[in-house]
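Taking it in order: structure first as structure tokens, then the write-up.
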Amino acid sequence: MMAVRLLELHRVLKPTGSLYLHCDPTASHYLKILLDAVFGPRSFKNEIDWKRTSTHSDSKTWSNNADCILFYTKKEKGFTWNTPREPHSAEYIKSKYGNDDEDGRGPYQLDNMTSPSPRPNMMYDWKGFPFPEKGWRYQKETMAQLDADGRIWYPTATNGDLDVTRRPRLKRYLSEMDGGVIGDIWTDIPPLNSQAKERLGYPTQKPVALLERILSASSNPGDVVLDPFCGCGTTVHAAQKLGRQWIGIDVTHLAIGLIEKRLRDAFPAVTFQTHGVPQDISGARDLARRGREDRNYYFEFEKWALSLIAAQPGNLGKKGADRGIDGNIYFGKTSRAIVSVKAGDNVGVSMIRDLVGTLQRERAEIGIFLTLTPPTRPMIAEAATAGLYEEDGFAPVPRLQIVTIEEALALRDRSVRLPARRDDTFKRAAREEDGKAQGALDL
């Protein structure tokens with residue numbers, strides 16, 4: 001499965017491009033052999049170890065708490081690279097930057113001003129200080145500018161006069177110094193715990209910071225980023241945030257629906273095109289028709305329909321008995337709406353009664369009947385008999401709601417009337433400051 005995809009990714013990758021493959025240690029050695037065959041051993045740059053969790057106290061061997069990220073480039077040399085750096089540690093700053101003139105420029109350290117090799121044109125006296133054996137590091141004009149800028153520290157005797165037996169030194173300010181180069185063991189990007197703000201509820205979601213580090217190092221603004229296994233869309237989110245163009249690919253409607261919602265929540269002005277999913281009612285009918293011919297497509301229609309109203313699949317998209325629950329929407333503190341999806345041409349009042357029965361059995365607050373075919377009048381009347389659901393502080397809403405696919409396509413999650421959605425499953429992505437529109441690339 002991976003071999004043919006890696007061959008195609010190598011084919012479309014620009015000469016300046018890179019490939020990062022994220023996997024766990026059970027597969028990394030097999031994939032590295034495969035990548036060596038496709039890219040060539042000399043194109044291998046690093047195996048990055050990302051600490052994705054703390055150690056497990058019940059582990060019977062060394063606790064497995066890291067994932068592997070294999071880094072390859074298209075060409076051995078000439079690939080895009082922006083050296084990533086980390087901030088200096090508090091211990092390093094304390095030991096190296098102990099001077100501060102309280103002039104607003106912050107702490108600094110003193111550095112040598114002597115030339116590392118003999119330079120006759122740098123052998124001049126400076127303010128009574130004789131030149132070092134090999135000369136000064138700077139020409140006289142540069143020395144004068146450093147002095148005018150207050151960048152030179154002069155040694156003084158106890159009486160306050162310059163001590164010409166010692167040497168002046170250069171002030172190097174912490175604010176002007178780059179941090180250390182980041183290595184290939186990453187322990188500073190924590191995984192997403194259950195309380196993380198960016199967590200959306202997708203089981204394999206990675207932190208945006210992890211992808212930001214990778215994209216910042218190996219691409220520039222305006223470059224194209226491709227993620228062929230984009231899951232819940234962390235890579236395309238990071239690419240949009242950093243001003244890269246992007247293409248994301250996934251095979252499940254669950255993932256695509258979540259990515260669409262994530263991008264619209266985080267970047268309200270974002271524009272993108274989604275291919276391979278219905279865009280209008282005729283496309284919905286075509287997917288439903290294929291579902292009637294092939295059961296696998298039926299489940300894809302179901303997951304796509306649920307994504308329109310931001311509902312979680314009742315069994316997270318797995319096949320099997322659903323007990324009348326195709327999806328769930330959580331709202332309020334502990335309340336739940338259950339969703340029944342119907343893709344057939346024939347819908348009737350008995351289906352509404354079935355949903356009422358499921359509602360009672362599950363002790364859910366609201367039922368949503370999401371249908372491709374418009375409901376009949378008896379169905380609408382039967383739904384009305386379920387009455388209203390009331391929650392303190394909110395206007396009453398129908399306890400059983402019939403929503404057509406056409407309405408869901410137009411209104412998305414606004415087609416469902418709920419007192420207050422809860423940020424439990426597939427939460428709303430935090431809004432990002434987005435001054436960089438995607439343009440015409442694709443999902």
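The model shown is predicted, which means the values in this text are computed figures rather than measured ones.
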With no hydrogens and no angle check, is any side-chain donor or acceptor of [X] less than 3.5 Å from a backbone partner on [Y]?
{"X": "D223", "Y": "R244", "result": "no"}
{"X": "W136", "Y": "R119", "result": "no"}
{"X": "N82", "Y": "S216", "result": "yes"}
{"X": "N328", "Y": "R336", "result": "no"}
{"X": "S307", "Y": "A310", "result": "no"}
{"X": "D125", "Y": "G128", "result": "no"}
{"X": "K74", "Y": "L13", "result": "yes"}
{"X": "Q279", "Y": "V277", "result": "yes"}
{"X": "S219", "Y": "L215", "result": "yes"}
{"X": "S63", "Y": "S59", "result": "no"}

Checklist entry - Does K241 count as lying over the ring of F267, i.e. NZ or CZ under 6.0 Å from the six-ring centre, within 45 degrees of the axis? => result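 Relative to the ring axis of F267, which defines the angle, K241 lies outside at least one limit.
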
Hey, what do you get for [atom1] ([X]) to [atom2] ([Y]), rounding to the nearest 0.5 Å?
{"X": "H22", "Y": "I214", "atom1": "NE2", "atom2": "CD1", "result": "8.0 Å"}
{"X": "D100", "Y": "K171", "atom1": "CG", "atom2": "NZ", "result": "10.0 Å"}
{"X": "L21", "Y": "I48", "atom1": "CG", "atom2": "CD1", "result": "11.5 Å"}
{"X": "F44", "Y": "Y72", "atom1": "CZ", "atom2": "OH", "result": "5.5 Å"}
{"X": "I329", "Y": "S335", "atom1": "CD1", "atom2": "OG", "result": "12.5 Å"}

Of all the heavy-atom pairs spanning [X] and [Y], show the shortest one and how long it is.
{"X": "I259", "Y": "C230", "result": "CD1-SG, 3.4 Å"}
{"X": "A288", "Y": "A343", "result": "CB-O, 3.8 Å"}
{"X": "P191", "Y": "K51", "result": "CD-O, 4.3 Å"}
{"X": "A410", "Y": "R414", "result": "O-NH2, 4.3 Å"}
{"X": "L372", "Y": "A284", "result": "CD1-CB, 4.0 Å"}
{"X": "A305", "Y": "I405", "result": "CB-CD1, 3.8 Å"}

Heavy-atom neighbours of [X] [atom1] exceed 12 at 6.0 Å:
{"X": "L411", "atom1": "CG", "result": "yes"}
{"X": "E391", "atom1": "CD", "result": "yes"}
{"X": "N159", "atom1": "CG", "result": "yes"}

Next on the checklist: side-chain contact (heavy atoms from CB on, under 4.5 Å) for I249 and F229? Distances and angles first, verdict last.
Outcome noted: CA-CA 6 Å; I249 302 171; F229 303 92; over 6 Å; no

Please tabulate, for the side chains in residues 107-118, all donor-acceptor contacts under 3.5 angstrom to protein atoms that are two or more places apart in sequence or on a different chain.
residue : atom : partner : partner atom : Å
Y108    : OH   : D101    : OD1          : 2.9
Y108    : OH   : D101    : OD2          : 3.4
Q109    : NE2  : Y97     : OH           : 2.8
D111    : OD2  : R172    : NE           : 2.5
D111    : OD2  : R172    : NH2          : 3.4
N112    : OD1  : T114    : N            : 3.0
N112    : OD1  : T114    : OG1          : 3.0
N112    : ND2  : T114    : OG1          : 2.8
S115    : OG   : S117    : N            : 3.3
S115    : OG   : S117    : O            : 2.6

Next on the checklist: Assess the residue pair I366 and V397 against the criterion (side-chain contact (heavy atoms from CB on, under 4.5 Å)); give the C-alpha distance rounded to whole Å, side-chain angles, the decisive distance to 0.1 Å, and a yes or no.
Outcome noted: CA-CA 9 Å; I366 291 175; V397 298; 3.7 Å; yes

Item to check | Audit row: D147, K140, salt bridge (Lys or Arg N to Asp or Glu O under 4.0 Å) steps and yes/no | outcome: CA-CA 10 Å; D147 181 59; K140 201 167 188 177; over 6 Å; no

Next on the checklist: The test is salt bridge (Lys or Arg N to Asp or Glu O under 4.0 Å); show your working for D163 and R166 and say whether it passes.
Outcome noted: CA-CA 6 Å; D163 182 358; R166 297 155 65 195; 3.7 Å; yes

Item to check | Test salt bridge (Lys or Arg N to Asp or Glu O under 4.0 Å) applied to E8 and R5, step by step | outcome: CA-CA 5 Å; E8 284 300 296; R5 285 157 177 76; over 6 Å; no

Next on the checklist: Quick check: do R290 and L287 have side-chain heavy atoms less than 4.5 Å from each other?
Outcome noted: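 Yes - at least one pair of side-chain heavy atoms lies under 4.5 Å apart.
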
Next on the checklist: Quick one, R167 and F129 - any side-chain contact, counting heavy atoms below 4.5 Å?
Outcome noted: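 Of all side-chain heavy-atom pairs linking F129 with R167, none is under 4.5 Å.
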
Next on the checklist: As a quick check of understanding, evaluate side-chain contact (heavy atoms from CB on, under 4.5 Å) for N220 and T80, giving each step before the final call.
Outcome noted: CA-CA 8 Å; N220 294 314; T80 298; 3.6 Å; yes

Item to check | Y154 vs W126, side-chain hydrogen bond (donor to acceptor under 3.5 Å, both in side chains): CA-CA, chis, key distance, verdict | outcome: CA-CA 11 Å; Y154 293 100; W126 176 256; 3.0 Å; yes

Checklist entry - Would D286 and R289 pass as an ion pair if we require N to O under 4.0 Å? => result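 Salt bridge: yes.
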
Item to check | Carboxylate-amine/guanidinium contact K94 E91, below 4.0 Å | outcome: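 So K94 does not pair with E91 through a salt bridge.
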
Next on the checklist: If you take the centroid of each ring, where Trp contributes its six-membered ring, are F301 and W304 closer together than 6.0 Å?
Outcome noted: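 Yes; F301 has its ring centre under 6.0 Å from that of W304.
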
Next on the checklist: Taking the six-membered ring for Trp, are Y389 and F331 closer than 6.0 Å centroid to centroid?
Outcome noted: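 Under 6.0 Å, so yes.
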
Next on the checklist: I need the full list of side chain to side chain donor-acceptor pair (under 3.5 Å) pairs touching residues 37-49, with sequence neighbours left out, sorted by first then second residue.
Outcome noted: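 Counting only pairs at least two positions apart or across chains, the side chain to side chain donor-acceptor pair (under 3.5 Å) contacts touching residues 37-49 are K45-T73.
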
Checklist entry - What side chain to side chain donor-acceptor pair (under 3.5 Å) pairs are there with at least one residue in residues 174-187, not counting sequence neighbours? => result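 Sorted result for residues 174-187: R151-E176.
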
Item to check | Residue among T404, I309, D326 satisfying side chain to side chain contact (heavy atoms under 4.5 Å, CB included) with L370 | outcome: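 Only one option passes, and that is I309.
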
Checklist entry - Can you check side-chain contact (heavy atoms from CB on, under 4.5 Å) on H253 and E302, steps first, answer last? => result CA-CA 9 Å; H253 289 289; E302 184 179 282; over 6 Å; no

Next on the checklist: What verdict does the ring-ring contact (aromatic ring centres under 6.0 Å, His included) test give for Y124 and F131, after you've listed the backbone C-alpha separation in whole Å, the side-chain angles of each residue and the deciding distance to 0.1 Å?
Outcome noted: CA-CA 6 Å; Y124 56 86; F131 58 81; 8.0 Å; no

